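Just so it is clear, the model here is predicted, and its values are computed rather than measured. In what follows, chains carry the letters A, B, and so on, assigned in the order in which the sequence lines appear, proteins first and then strands, with residues in each chain numbered from 1.
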Protein chains: 2
Amino acid sequence: MQNISTENYLSEIYKLEQSNVKVKTNVIAKKLEISNAAVTDMLKKLSNNGWILYERYKNIELTKNGKEYASQIVRRHRIWEIFLHQIVGLPWDKVHDEAHRLEHSASDELVDKLEEMLEFPEFDPHGDPIPGKDGSIPKIKDSIPLSKVRVGISGKVVRVNDFDNNFLNYLSQIGLKLGKKITVKEKLSFDNSLLIKINDKQINISNKLASNVFINLN
Amino acid sequence: MQNISTENYLSEIYKLEQSNVKVKTNVIAKKLEISNAAVTDMLKKLSNNGWILYERYKNIELTKNGKEYASQIVRRHRIWEIFLHQIVGLPWDKVHDEAHRLEHSASDELVDKLEEMLEFPEFDPHGDPIPGKDGSIPKIKDSIPLSKVRVGISGKVVRVNDFDNNFLNYLSQIGLKLGKKITVKEKLSFDNSLLIKINDKQINISNKLASNVFINLN
DNA sequence: ATATAAGTTTAAGCATCCTTAAATTTATTA
DNA sequence: TAATAAATTTAAGGATGCTTAAACTTATAT
Ligand SMILES: [Mn+2]
Ligand SMILES: [Mn+2]
Ligand SMILES: [Mn+2]
Ligand SMILES: [Mn+2]
């Protein structure tokens, strides 16, 4: 077990890799809200410790070891999230920040206990997959951003981006949860906003909001 | 919310004050397993920040602010302990270390939630009182160390010291829990060990062990 | 009362993880 | 292709919280 900072870098890099984003100093700095210089500094350390492959000015990649390690941090994070949601009853806009701190503190034994209590969940409260102990990732349902669903088409919410609490809170307010059926009624070319039907109500949502909600068609 | 190190110093000082130990550089260093020099260093910072009263070579005291703050760290610790014990099902020799890390990570809101789930417990799994939000301490039952209970006398276990996991684990093994009735059958002057009756069995325990188990007579 | 022991502080230094500013490299655009 | 912009790294430095060694203060024992 390394320190908190190392764990935060590694899990951030892991998540970027998973979402097929090219991992650059830049991107990490923004995610972690620190300077580029600090990131460069740390990348050297991570590289020296064998967690990442790093050459000056080039993209960053996790090594096998790094990926294994990072997947377990993400695993801990997501198990905490669902524990906090299902057992403790925190709303889905509160669990991420809490889990982000707890993920570095709990022992593996405790996380295993939590997982057992939850009966081995495969997805976190935002629909993100929980990596297994071996790093394997549960099969995700196909999905596209709600912003790309065509008018007249319906689908189910299978995932939402979990990095903005205000966004998540608003989703709750309009009754948008995982599993909910949504129909796109209209797209306004004026501002690219969408008129959607959810819970038998029609609601207008911005394109930006819609692009962070993921829908499984059929 | 300060950093982890500050919180560890403060809660250690608080616990020492509660047990009427004179708080000295020395004692803190031992508890935190760091050098005296490091403690002196930190005492200056804690003093500058108004958490403690400190003069070179003198005993240390928490200020009003310091005591308030420290009590809340101890509160978090003990709520975590009992949550881990009762809800998650960790044995009492595992909860301290885990709680010691979690106590710095959870938000006040989460701790409140946990407390609510537990129906506002007053004591942790080792019988230590859980300070209230206002710093108030639940009334503790009178107790004396088992090592000082006289031959022929019975009493109930109301508290055990929680700083040695091996000790706690052994207590579990011999069926010693909070609330158990214990009778002192004999004291061996040879090594000051005790012959006790518990769960209708007779068992010999060392004086050192007995001095860490606290008994309410009558 | 004095010597010795114990406890505490000071001094110097190290690792970690940040910062800003300047220099360098790579990417983009005219 | 050359100029400009963007991204990245290097350099210098700061805060934190440790370390060991040496100096100093207080407590204890003869
Ligand atoms: Mn999250
Ligand atoms: Mn999540
Ligand atoms: Mn404890
Ligand atoms: Mn305890």
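At C/dT16, none of the side-chain N or O atoms of A/N3 fall inside 4.0 Å of OP1 or OP2 (strictly under the cut-off). For B/R56, a side-chain nitrogen or oxygen approaches OP1 or OP2 of C/dT10 to under 4.0 Å. Put simply, B/K45 has no side-chain N or O that comes within less than 4.0 Å of OP1 or OP2 on D/dT16. The phosphate of C/dC18 (OP1 or OP2) has no side-chain N or O of A/S35 nearer than 4.0 angstrom.
Residue B/D41 is classed as a base contact, given a heavy-atom separation below 4.0 Å to a base.
For the pairing with A/R75, the salt bridge (charged side-chain N to carboxylate O under 4.0 Å, His left out) check across A/E103, A/E115, A/E122 returns one residue only, A/E115.
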Next on the checklist: Under the criterion salt bridge (Lys or Arg N to Asp or Glu O under 4.0 Å), I'd like the reasoning laid out for A/K15 against A/E12: C-alpha separation, chi angles, the key distance, then a yes or no.
Outcome noted: CA-CA 5 Å; A/K15 284 185 286 181; A/E12 215 52 75; 3.8 Å; yes
Next on the checklist: Could you go through A/N169 and A/Q173, starting from their C-alpha distance and side-chain angles, then the distance that decides it, and tell me whether this counts as side-chain hydrogen bond (donor to acceptor under 3.5 Å, both in side chains)?
Outcome noted: CA-CA 6 Å; A/N169 183 264; A/Q173 277 182 45; 3.0 Å; yes
Next on the checklist: Could you go through B/K113 and B/E109, starting from their C-alpha distance and side-chain angles, then the distance that decides it, and tell me whether this counts as salt bridge (Lys or Arg N to Asp or Glu O under 4.0 Å)?
Outcome noted: CA-CA 6 Å; B/K113 271 269 188 189; B/E109 293 73 39; over 6 Å; no
Next on the checklist: Between B/N3 and B/S5, does the side-chain hydrogen bond (donor to acceptor under 3.5 Å, both in side chains) criterion hold? Intermediate values first, please.
Outcome noted: CA-CA 6 Å; B/N3 55 50; B/S5 197; 5.0 Å; no
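Atom pair B/K44:NZ and C/dT8:P shows a separation of 14 Å (rounding to whole Å applied). If you measure from atom CG of A/L43 to atom C1' of C/dT16, you get 15 Å, rounded to the nearest angstrom. In this structure, the NZ atom of A/K22 is 14 Å from the C1' atom of C/dT26, given to the nearest Å. Regarding B/Y9, its OH atom lies at a distance of 8 Å from the C1' atom of D/dC18, rounded to whole Å. Note: CE (A/M42) to C1' (C/dC18) measures 10 Å, nearest angstrom. As rounded to whole Å, 9 Å separates atom C1' of D/dA6 from atom CG of A/N26. One interatomic measurement links the two molecules: CG of A/N8 to P of C/dC17, which rounds to 11 Å at whole-angstrom precision. The interatomic distance linking B/K24 (NZ) with C/dT8 (P) rounds to 6 Å, in whole Å.
Nearest to the side chain of B/T25, among D/dT10, D/dT20, C/dT9, sits C/dT9. Listed nucleotides: D/dT19, C/dC18, C/dT9. Nearest to the side chain of B/A38: D/dT19. The side chain of A/N36 approaches D/dT8 more closely than any other nucleotide in the set D/dT16, D/dT8, C/dC17. Closest to the B/A37 side chain, of the nucleotides C/dT16, D/dC18, C/dT10, is C/dT10. When distances run from any side-chain atom of B/S5 to the nucleotides C/dC18, D/dC18, D/dT9, the shortest one goes to D/dC18. Among the nucleotides C/dT10, D/dG17, D/dC18, the one closest to the side chain of B/I34 is D/dC18. When each of D/dT16, C/dT8, D/dC18 is scored by its nearest atom to the side-chain atoms of B/Y57, the top-ranked nucleotide is C/dT8.
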